[in-house]
Amino acid sequence: MSSLIIDMILCGIAYVVLIYFVATLTRVNLDKGKNNNKDDGDGGVEDTTPPKIDLPPGVIWPSDEPKRKKPTSPMEAS
């Protein structure tokens, strides 16, 4: 047999062995997910409040803008 045939046979055997190990290792992880637990596994406490960002002096958020009175109509001269 030529060396090319032997190399192809060895590569095929290595491929089958690697696929077998990958399939057995991922099957264990898939079986753990079948317990119908709706926990996504992230853990920790969910905090939905936006972060407090420290702005430079003189810069304010539009929502923190001081409330202004509505402009009054111009006074008529008598």
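None of the values given here were measured: they were computed from a predicted structure.
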Value for CE (Met8) from OG (Ser2), rounded to nearest 0.5 Å, stands at 10.0 Å
Shared ILVMFWY cluster between Phe21 and Val16, side chains joined below 4.5 angstrom? no
Co-membership, hydrophobic cluster, residues Ile53 and Val59, 4.5 Å side-chain: yes
Between Ile6 and Ile9, is there shared hydrophobic-cluster membership here, with clusters defined by ILVMFWY side-chain heavy atoms closer than 4.5 Å? yes
Nearest 0.5 angstrom please: Thr24 OG1 to Ile19 CD1, how far? 11.0 Å
